[in-house]
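One structure is given below, encoded as C-alpha cells.
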Amino acid sequence: LPFVPAVVARSWLVWALAERGEFEQATLHGKTALAIATEVDHPFNLAHIYYDLGYFHGVKGEIDLAVDELEKAYNIIREWNLTYLSPFISGFLGHVYALSGETAKGAALLQQAMAEYESMGLGLFRSLVNAQLGEALLLDGRLEEAATATENALALARKRNEEGHEAYALRVLGEIALHPARQDAEAARHAFQNALTLAEKHGMRPLSAHCNFGLGRLHQHAENFHEAKKRIVSAAAMYRDLDMPFWGDQASAKLR
C-alpha cells in the first residue's frame with residue numbers, strides 16, 4: 001500500500017506531541033508507527049515516519065538523532081523520487097544541520113527547499129521552513145538575508161493563519177533583533193513576547209522555554225539582572241522538566 005493511515009496518523013501525532021513537549025508519548029507512537037512502516041516496507045510510509053521522528057528529535061534537542069532520521073528520509077525521497085515530501089524533508093534536514101554547527105550546509109539545503117516550494121506551489125510547512133532558513137542564515141552570520149527570510153515566514157504564517165509557525169518566526173525575529181550587529185531591544189522584546197504568547201496559547205512548551213530564554217538574554221544585555229535571572233531560571237527549569245539538555249546546558253551557562 002502506498003499510504004498506510006496507521007503510520008501517517010501516528011506520524012502526525014508524534015509531531016503534535018513533540019511540539020507540546022510530551023516526548024514520552026511521542027516516542028511510544030513513533031516506535032509503533034516505525035514498526036508498522038517497516039513491516040509494510042513502502043518508501044512513502046518509511047519516509048513519513050523518519051521525517052516526523054527526525055523533527056521530534058530536533059525539537060527535543062537530540063541533534064545527532066535528528067540528523068540520522070532525517071537523512072534516512074532524505075535518502076528515501078531521493079531514491080524513490082517522492083517529490084511531494086521533498087521540500088519539507090530537505091528543509092528540516094537543513095535546519096538540524098544548522099543546529100549541529102554546519103550552518104552553511106544547512107542554509108544551502110534550506111534554500112534548496114524554498115526553491116522547491118516555489119516551483120511546486122506547495123504550502124505545507126512552507127512558513128516553518130522559511131523561518132528555519134532565517135535561523136540558519138542568522139547562525140551563518142548572514143543577518144540581512146536572515147531578516148528577509150524570517151519576515152517572509154511571518155507574513156506567510158499570518159496569511160495562512162498558522163499561529164504555531166507564526167510563533168516560530170517571531171522567535172527568530174527576536175534572535176535577529178538581539179544580535180550584536182542590531183541590538184534593537186524593543187524589537188526583540190516585542191518579538192519574543194508575542195512568540196511566547198502564541199506558544200503558551202497552543203501549549204508549545206519547548207518553544208515557550210526558548211522564548212523565555214530569549215527574553216532572559218535580552219534583559220541581561222539591558223543589565224536588568226533581576227528580570228534576566230527570573231526568565232533564564234524559568235527557561236532552565238522548563239528545559240530540565242522536559243529533558244532537553246542541549247538547550248538546558250546553554251541556559252544554565254548563562255546563570256554562572
So, the side chain of [X] versus the backbone of [Y]: is there a donor-acceptor pair under 3.5 Å, distance only?
X    : Y    : result
K60  : D243 : yes
Q220 : K254 : yes
Y117 : L124 : yes
S100 : Y97  : yes

Task: Transitive ILVMFWY cluster of L156, excluding itself - 4.5 Å side-chain cut-off - done: none
TODO: Tell me who clusters with L198, hydrophobic residues only, linked when side chains sit under 4.5 Å apart either directly or through other members.
DONE: L138, L143, L154, L170, V172, L173, I176
- [ ] Any chance you could lay out the side chain to side chain contact (heavy atoms under 4.5 Å, CB included) test for F88 and L128, step after step, and finish with the verdict?
- [x] CA-CA 9 Å; F88 42 93; L128 176 61; over 6 Å; no
Any idea which heavy atoms bring [X] and [Y] closest together, and the distance?
X    : Y    : answer
G214 : E175 : CA-OE2, 4.4 Å
M120 : P87  : SD-CG, 3.6 Å
S90  : A113 : CB-CB, 4.0 Å
A188 : G174 : CB-O, 3.8 Å
A177 : R182 : O-CB, 4.0 Å
N130 : A153 : CB-CB, 3.6 Å

Let me check something: do [X] and [Y] share a hydrophobic cluster, defined by ILVMFWY side-chain heavy atoms less than 4.5 Å apart, either directly or through other members?
X    : Y    : result
I89  : L34  : yes
L65  : L28  : no
Y168 : I63  : yes
L17  : M244 : no
I232 : M238 : no

Given side chains that start at C-beta, do those of [X] and [Y] come closer than 4.5 Å, heavy atoms only?
X    : Y    : answer
P206 : F23  : yes
H29  : F56  : no
Q183 : L178 : no
E79  : N75  : no
E145 : Q111 : yes
F44  : I76  : no
F246 : E62  : no
L70  : Y50  : no

[X] atom [atom1]: more than 12 heavy-atom contacts under 6.0 Å:
X    : atom1 : value
H190 : NE2   : no
W80  : CH2   : no
E200 : CD    : yes
K230 : NZ    : no

Distance check, rounded to the nearest 0.5 Å: [X] atom [atom1] versus [Y] atom [atom2]?
X    : Y    : atom1 : atom2 : answer
T103 : E135 : OG1   : CD    : 11.5 Å
Q132 : L139 : CD    : CG    : 11.5 Å
E19  : W15  : CD    : CH2   : 6.5 Å
L110 : F92  : CG    : CZ    : 9.5 Å
E39  : N45  : CD    : CG    : 11.5 Å
H219 : H226 : NE2   : NE2   : 10.5 Å

Task: Test side chain to side chain contact (heavy atoms under 4.5 Å, CB included) applied to H202 and E163, step by step - done: CA-CA 8 Å; H202 294 287; E163 289 192 341; 2.7 Å; yes
Task: Among R160, R158, K159, side chain to side chain donor-acceptor pair (under 3.5 Å) partner for E162 - done: R160
Open item on the list: Regarding R126 and E116, does a basic nitrogen lie under 4.0 Å from an acidic carboxylate oxygen?
Closed with: no
Open item on the list: Angle between ring planes, Y51 versus F125, binned at 30° and 60°: parallel, tilted or perpendicular?
Closed with: perpendicular
Open item on the list: A cation-pi test, strictly: NZ or CZ of R217 under 6.0 Å from the centre of the six-membered ring of F213 and no more than 45 degrees from its axis. Yes or no?
Closed with: yes
Task: side chain to side chain contact (heavy atoms under 4.5 Å, CB included) between E22 and R205, worked out - done: CA-CA 9 Å; E22 298 178 29; R205 292 185 294 163; 4.0 Å; yes
Task: Worked verdict on H210 versus Y239 for side chain to side chain contact (heavy atoms under 4.5 Å, CB included) - done: CA-CA 9 Å; H210 295 329; Y239 290 138; 2.7 Å; yes
Open item on the list: Looking only at the side chains, is there a donor atom on one of R78 and S86 sitting less than 3.5 Å from an acceptor on the other?
Closed with: yes
